[in-house]
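All chains are named by letter (A, B, ...) in the order of the sequence lines, taking the proteins before the strands, and each is independently numbered beginning at 1. Only a predicted model underlies this, so the values are computations on that prediction, with no experimental measurement involved.
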Number of protein chains: 4
Amino acid sequence: MAVSSKSEARRDQIQRAAEKVFARSGFQESTISDIAKEAGLSDATIYEYFASKEELLFSIPGELTLEEKEFLEFHLAHVRGAGNKLRSLIYHYLWFWQSHPDYASVAMLILKQNRKFVDTEAYRIIQETYRMIPDIIRDGIASGEFDPSIRIGVATSMVLGAIEHMVVHRLLHGKPDDLLDYVDYLTDTVLRGIQKQDSAKDVTVHVTVNADGSHSVK
Amino acid sequence: MAVSSKSEARRDQIQRAAEKVFARSGFQESTISDIAKEAGLSDATIYEYFASKEELLFSIPGELTLEEKEFLEFHLAHVRGAGNKLRSLIYHYLWFWQSHPDYASVAMLILKQNRKFVDTEAYRIIQETYRMIPDIIRDGIASGEFDPSIRIGVATSMVLGAIEHMVVHRLLHGKPDDLLDYVDYLTDTVLRGIQKQDSAKDVTVHVTVNADGSHSVK
Amino acid sequence: MAVSSKSEARRDQIQRAAEKVFARSGFQESTISDIAKEAGLSDATIYEYFASKEELLFSIPGELTLEEKEFLEFHLAHVRGAGNKLRSLIYHYLWFWQSHPDYASVAMLILKQNRKFVDTEAYRIIQETYRMIPDIIRDGIASGEFDPSIRIGVATSMVLGAIEHMVVHRLLHGKPDDLLDYVDYLTDTVLRGIQKQDSAKDVTVHVTVNADGSHSVK
Amino acid sequence: MAVSSKSEARRDQIQRAAEKVFARSGFQESTISDIAKEAGLSDATIYEYFASKEELLFSIPGELTLEEKEFLEFHLAHVRGAGNKLRSLIYHYLWFWQSHPDYASVAMLILKQNRKFVDTEAYRIIQETYRMIPDIIRDGIASGEFDPSIRIGVATSMVLGAIEHMVVHRLLHGKPDDLLDYVDYLTDTVLRGIQKQDSAKDVTVHVTVNADGSHSVK
DNA sequence: CATGAATGAGTGTTCATTCAT
DNA sequence: TATGAATGAACACTCATTCAT
């Protein structure tokens with residue numbers, strides 16, 4: 001995480017400036033000049049480090065993406081139970097996007113809709129990270145924690161969709177103030193939707209069998 | 001719904017062309033020239049009907065949005081039960097986006113991230129339409145069908161997020177082929193997450209009483 | 001030669017302006033802005049007629065080249081004798097380049113050294129026109145007018161080289177004032193180099209006989 | 001001729017690299033970066049030895065030009081007869097350009113058309129060297145070897161034009177393979193054009209003057 | 001002596017938009 | 001109503017050149 005060289009520091013400085021500017025104005029509306037000004041450098045210097053405005057945009061996820069993936073994998077490895085993993089994951093994502101709002105803007109509002117971005121290494125890593133969700137769900141089904149009748153893809157869309165929807169809503173409307181307040185509500189609701197019903201509550205049925213074979217239930 | 005005048009037909013023709021072109025290339029990458037060509041008109045003619053490229057973009061949702069809203073409201077008015085309303089709504093949205101892919105591209109990939117679009121009449125109508133979801137959920141809670149402990153906003157994000165996630169995924173990756181296959185899976189999972197647990201299901205317990213008075217439950 | 005349409009006139013106007021500016025400053029040193037100013041148009045208008053600065057440059061020879069070729073072919077068809085044809089041709093080229101100094105600059109100092117220009121239709125036509133020289137020489141040899149021992153390529157280089165050298169010298173140093181003064185000197189010298197020695201000349205001898213019977217020859 | 005210092009060697013190394021790069025890509029299309037890479041140095045180092053890209057270009061003819069001049073002068077001093085001198089000179093030039101193709105490209109395709117180059121010391125030396133041609137011709141006329149009616153400038157253009165035309169043709173089209181094959185053909189043709197005709201053949205005219213003043217020629 | 005790093009100055013090109021006809 | 005023609009306003013990108021180390 002420590003920046004190795006002078007040159008790396010410059011790259012990073014430019015990426016941070018670009019992130020800020022792109023988040024504020026969008027990609028097309030941001031100019032290299034804006035970014036250079038934000039970074040306290042000249043336009044030409046930007047091009048010493050990035051071949052084009054688009055390359056600069058695509059470089060922003062950079063190592064952050066990989067670090068995130070590893071951090072999340074490391075963490076979840078220590079959590080027992082699919083439900084708990086899901087809660088951790090939801091917590092982590094909401095926390096992550098909330099604490100990196102500029103990056104969130106770039107990722108959610110700019111990169112996600114860019115058709116060229118999908119050919120990127122960063123995109124691949126993001127997709128891999130997202131794949132943890134169906135993996136957890138699959139594990140939960142295998143362990144009997146989740147209901148086998150649910151569709152993994154649907155459940156994944158529900159989790160990811162809800163997270164992204166909340167993040168985008170906050171970016172665009174500034175509400176809610178703190179996404180983390182909703183981790184448990186979201187997790188609980190999701191879990192109730194996908195958990196095995198009988199694992200969730202004990203139903204005690206009292207059956208009284210009479211001498212004549214008739215019975216009553218209470 | 002019938003197009004009133006010659007002029008209205010022209011407007012519509014241009015909007016359809018723009019929808020197609022924007023869907024194919026994005027907003028910034030589409031030129032007025034492209035749209036004019038697609039419409040079989042000259043560039044200047046576009047400006048006889050729309051003041052700017054952006055106004056043209058923002059006009060695309062146009063009446064469709066209002067029609068949709070009314071159609072959906074009309075339909076749901078005849079559906080009994082919050083759960084059933086939700087199923088109808090999910091069905092309707094998935095069907096709608098799937099059958100209007102160009103419009104879906106414009107709405108999901110272009111308009112949704114545009115900060116100026118939020119000041120638009122069309123945006124207001126869309127938001128109003130979306131508000132049917134929390135309304136249904138609120139009604140479901142009031143009627144005892146849904147669990148009062150759930151958070152309406154969270155549940156709304158879940159429903160809307162899942163729908164949009166599935167639509168966008170299909171737009172960008174072409175899968176799944178038919179979103180409608182997933183209406184029931186999605187609805188069921190969502191409903192299980194928000195329904196009152198004990199009101200929700202019929203439990204059938206088969207008790208077999210043996211001759212010796214012992215019994216087994218299945 | 002008559003300009004057909006409004007649009008053709010504009011193209012031509014731009015080409016004339018470009019010719020002038022390129023001749024004055026060279027290709028790289030000329031800006032589209034310079035050309036637009038010279039033409040009394042805006043920069044953008046240039047691009048309505050030519051896709052790029054380079055395309056504009058390459059378009060300059062345009063029809064002029066073809067007209068020249070046809071004009072020269074037409075003329076030479078009426079000239080009898082290879083030597084006379086060569087004289088006409090030399091006259092024509094010196095006259096042509098001298099009366100189109102801007103075009104001469106563009107052709108001799110810019111286009112001739114451009115490696116992309118050789119892939120051009122205009123280049124092909126120019127080459128074809130130049131091919132008249134070896135053709136005439138070949139004919140002259142066949143008819144017995146020229147010496148069969150000369151090398152056609154060498155003689156062609158001599159003729160063309162001399163013409164171009166004189167034209168370029170005049171362009172760069174402003175001398176001589178009138179290239180046409182040298183048509184006969186050049187032609188005569190060239191012809192003496194390639195004609196069959198004994199077939200070649202009429203000798204006029206002026207003999208003055210004095211009263212005393214003595215005479216002088218001049 | 002031996003390189004005096006370390007610094008001189010560096011200069012030379014850079015000039016050779018520049019020559020190569022300029023020959024390959026032309027002046028404007030070559031970058032200092034290209035040259036530095038070719039020389040195995042950094043961009044900045046180029047500027048330790050040359051004040052600007054243009055100065056570097058103009059420096060290329062450098063001593064070579066002077067050496068050539070002296071070499072040619074020394075050689076021709078030992079050749080007897082204007083015709084023989086001309087043959088030697090033609091041989092020398094064709095050989096020189098052919099054996100220095102990169103320099104030929106730079107000189108013929110870049111420097112020759114550069115209006116600033118004419119203010120250069122190197123240009124002066126080249127012109128002085130070229131002046132050997134009219135000098136030889138003048139000597140030939142004075143000695144009675146060449147025809148006094150020829151125009152020195154025209155003959156010079158013919159010689160120089162032919163040489164340069166052949167060299168450029170070879171540079172641009174790769175033909176002919178060996179220019180030296182044409183030394184004699186070119187020289188012979190040129191010489192026949194400028195040599196005294198009567199030195200080539202004697203014409204005897206018998207004029208009989210009659211008593212009445214009439215005459216007959218035989 | 002060599003260079004990594006930075007930049008000023010410049011320019012070709014695009015395109016939404018206007019307007020006379 | 002429709003459009004051909006024109007352009008103002010931008011902007012990404014290049015590269016020769018400088019200078020502290």
Under 4.0 angstrom between [X] side-chain N/O and [N] OP1 or OP2:
{"X": "D:Ser52", "N": "F:dA16", "result": "no"}
{"X": "D:Tyr49", "N": "E:dA2", "result": "yes"}
{"X": "C:Ser42", "N": "F:dG8", "result": "no"}
{"X": "A:Thr31", "N": "F:dC11", "result": "no"}

What is the distance from [atom1] of [X] to [atom2] of [N], rounded to the nearest Å?
{"X": "C:Phe50", "N": "E:dG12", "atom1": "CZ", "atom2": "P", "result": "15 Å"}
{"X": "C:Ile32", "N": "E:dT13", "atom1": "CD1", "atom2": "C1'", "result": "9 Å"}
{"X": "C:Gln28", "N": "E:dA9", "atom1": "CD", "atom2": "P", "result": "21 Å"}
{"X": "C:Ile14", "N": "F:dA5", "atom1": "CD1", "atom2": "P", "result": "12 Å"}
{"X": "C:Lys53", "N": "E:dT14", "atom1": "NZ", "atom2": "P", "result": "15 Å"}
{"X": "D:Leu56", "N": "F:dC15", "atom1": "CG", "atom2": "P", "result": "16 Å"}
{"X": "D:Ile46", "N": "F:dC19", "atom1": "CD1", "atom2": "C1'", "result": "17 Å"}
{"X": "B:Leu41", "N": "F:dG4", "atom1": "CG", "atom2": "C1'", "result": "14 Å"}

Nearest to the side chain of [X], which nucleotide is it out of [options]?
{"X": "B:Glu48", "options": "F:dT3, F:dA16, F:dT7", "answer": "F:dT3"}
{"X": "A:Ser7", "options": "E:dA16, E:dA5, F:dT17", "answer": "E:dA5"}
{"X": "B:Ala44", "options": "E:dT14, F:dT3, E:dT7", "answer": "F:dT3"}
{"X": "C:Tyr47", "options": "F:dA16, E:dT7, E:dT13", "answer": "E:dT13"}

Inset, instruction - Just say parallel, tilted or perpendicular for the rings of A:Trp97 and A:Tyr103, cut-offs at 30° and 60°. - result: parallel

Legend entry - D:Glu63 atom CD, neighbour heavy-atom count above 12 within 6.0 Å: no

Inset, instruction - Return yes when atom NZ of C:Lys20 has more than 12 non-hydrogen atoms of other residues, nucleotides or ligands closer than 6.0 Å, and no otherwise. - result: no

Inset, instruction - Could you tell me whether the side chain of A:Leu109 reaches within less than 4.5 Å of the side chain of B:Arg115, counting heavy atoms only? - result: yes

Inset, instruction - May I ask you to say whether C:Arg24 pairs ionically with C:Glu38, meaning some side-chain N is under 4.0 Å from a carboxylate O? - result: yes

Legend entry - Whichever of B:Thr45 and A:Asp43 has its nearest DNA chain F nucleotide further upstream toward 5': B:Thr45

Legend entry - Closest-nucleotide 5' rank along DNA chain E - winner of B:Ser30 and D:Arg10: D:Arg10

Inset, instruction - Both distances under 3.5 Å, Watson-Crick or G-U wobble: report the partner of F:dA20, or none. - result: E:dT3

